[in-house]
Amino acid sequence: MGWHSDDMPEGHEGYVVAVLADGAEPPPVRTARTVADGKEYLGENTAWWLYDGREGRPRAFAVKAGCQCGWRSADMFPVDFEDWEATDGFEAGDGPWAAWEADHVGRLVGGQIPADVADAIEQLRVQLAALADSRPLAAVAAAARVEKLGTARLQQAVTAAVRDGSSWTAIGEATGTTRQAAHQRFSKVPF
């Protein structure tokens, strides 16, 4: 069982990843598993604590944070086979769990549009489309105001993101462009 965050999109379950002395992740270990009907079969398992050097398995040199989506932390942490909670870091709020929470969850959730804002944007889109059908000139005026407001708020948001330490790569991703395009467009305004 891994770590979950209520704010994370699907496909982002965090967990501890074993790291060998050469920095590589070990291959899965084949372990016996029991299915609902009581039958056993051999399945693959990558739980960090299996890499203890016993029964011919490699021994973990360290651990790092991982996510179901494939993300891995750059930082590595010590292994304590006698204290799984200390290795995991969840209870103490440190180690791999803290790296996953800060480096991965924080980045994903930080750039995720809150549901109420996404709903308001969708509602505005629907209203502008209906207005364009019934009163096209009013729709032009409304869309122009939205565009002007959006441009000003976008610059304000980019300025705040730069002050908050966001990279131009992250800003580019958030605006649907490249790092270079975001920098060229928004860096002209003094921060």
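Please read these numbers as outputs of a predicted model, since none were measured by experiment. As a basis for the values below, the full set of heavy atoms in this structure was taken, side chains included, without hydrogen atoms, waters or symmetry mates.
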Calculate, to the nearest 0.5 Å, the distance between atoms [atom1] and [atom2] belonging to [X] and [Y] respectively.
{"X": "T46", "Y": "E25", "atom1": "OG1", "atom2": "CD", "answer": "8.5 Å"}
{"X": "D133", "Y": "L128", "atom1": "CG", "atom2": "CG", "answer": "11.5 Å"}
{"X": "K148", "Y": "T151", "atom1": "NZ", "atom2": "OG1", "answer": "10.0 Å"}
{"X": "H183", "Y": "I171", "atom1": "NE2", "atom2": "CD1", "answer": "9.5 Å"}
{"X": "D94", "Y": "E101", "atom1": "CG", "atom2": "CD", "answer": "13.0 Å"}

Is the number of heavy atoms from other residues, nucleotides or ligands within 6.0 Å of [atom1] ([X]) greater than 12?
{"X": "E40", "atom1": "CD", "result": "yes"}
{"X": "Q68", "atom1": "CD", "result": "yes"}
{"X": "L137", "atom1": "CG", "result": "no"}
{"X": "F77", "atom1": "CZ", "result": "yes"}
{"X": "E55", "atom1": "CD", "result": "no"}
{"X": "E85", "atom1": "CD", "result": "no"}

Taking all heavy atoms of [X] and all of [Y], pick out the closest pair and write down the distance.
{"X": "P96", "Y": "V63", "answer": "CG-CG2, 3.8 Å"}
{"X": "R59", "Y": "D52", "answer": "NH1-O, 2.9 Å"}
{"X": "P58", "Y": "P26", "answer": "CG-CB, 4.0 Å"}
{"X": "A132", "Y": "P136", "answer": "O-CG, 3.4 Å"}
{"X": "S73", "Y": "D75", "answer": "OG-O, 2.9 Å"}
{"X": "K64", "Y": "G23", "answer": "NZ-O, 4.5 Å"}

- Query: How about W48 and F81: are their ring centroids closer than 6.0 Å?
  - Reply: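 Yes, the ring of W48 comes within the 6.0 Å limit of the ring of F81, centre to centre.
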
- Query: In the single-linkage hydrophobic clustering (I, L, V, M, F, W, Y; side-chain heavy atoms under 4.5 Å), do V19 and W100 co-cluster?
  - Reply: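 Not linked; separate clusters.
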
- Any chain of hydrophobic side-chain contacts (each under 4.5 Å) joining W3 to M76?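 Unlinked, W3 and M76 end up in two clusters.
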
May I ask you to decide if [Y]'s main-chain N or O and [X]'s side chain share a donor-acceptor pair within less than 3.5 Å?
{"X": "E13", "Y": "G2", "answer": "yes"}
{"X": "T87", "Y": "D80", "answer": "yes"}
{"X": "R57", "Y": "L50", "answer": "yes"}
{"X": "Y51", "Y": "F61", "answer": "no"}
{"X": "D164", "Y": "S166", "answer": "no"}

- Query: In chain order, what residues pass the side chain to side chain contact (heavy atoms under 4.5 Å, CB included) check against A181, with sequence neighbours excluded?
  - Reply: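 For A181, the residues satisfying side chain to side chain contact (heavy atoms under 4.5 Å, CB included) (neighbours in sequence not counted) are T177, T178.
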
- Test item: V17 and R72 side chains (from C-beta on) under 4.5 Å apart, heavy atoms: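 Yes, their side chains come closer than 4.5 Å.
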
- Query: Under 4.5 Å between any side-chain heavy atoms of L154 and F186, yes or no?
  - Reply: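 A side-chain contact exists here, since the closest heavy-atom pair is under 4.5 Å.
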
- Test side chain to side chain contact (heavy atoms under 4.5 Å, CB included) applied to V105 and H12, step by step: CA-CA 8 Å; V105 174; H12 293 279; over 6 Å; no

- Task: Report the C-alpha distance between T159 and Q155 in whole Å, list the side-chain angles of each, state the deciding distance to 0.1 Å, and finish with yes or no for side chain to side chain contact (heavy atoms under 4.5 Å, CB included).
- Result: CA-CA 6 Å; T159 300; Q155 183 63 59; 3.4 Å; yes

- Determine, step by step, whether V158 and W168 satisfy the side chain to side chain contact (heavy atoms under 4.5 Å, CB included) criterion, reporting the C-alpha distance in whole Å, the side-chain angles of both residues, the deciding distance to 0.1 Å, and the verdict. CA-CA 9 Å; V158 169; W168 285 109; 4.1 Å; yes

- In sequence, state the C-alpha distance, the side-chain angles, and the governing distance for V146 and L124, and then conclude on side chain to side chain contact (heavy atoms under 4.5 Å, CB included). CA-CA 9 Å; V146 168; L124 180 59; 3.9 Å; yes

- Could you check whether the rings of H104 and W71 sit parallel, tilted or perpendicular, using 30° and 60° as the cut-offs?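 If you compare the ring of H104 with that of W71, the planes turn out parallel.
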
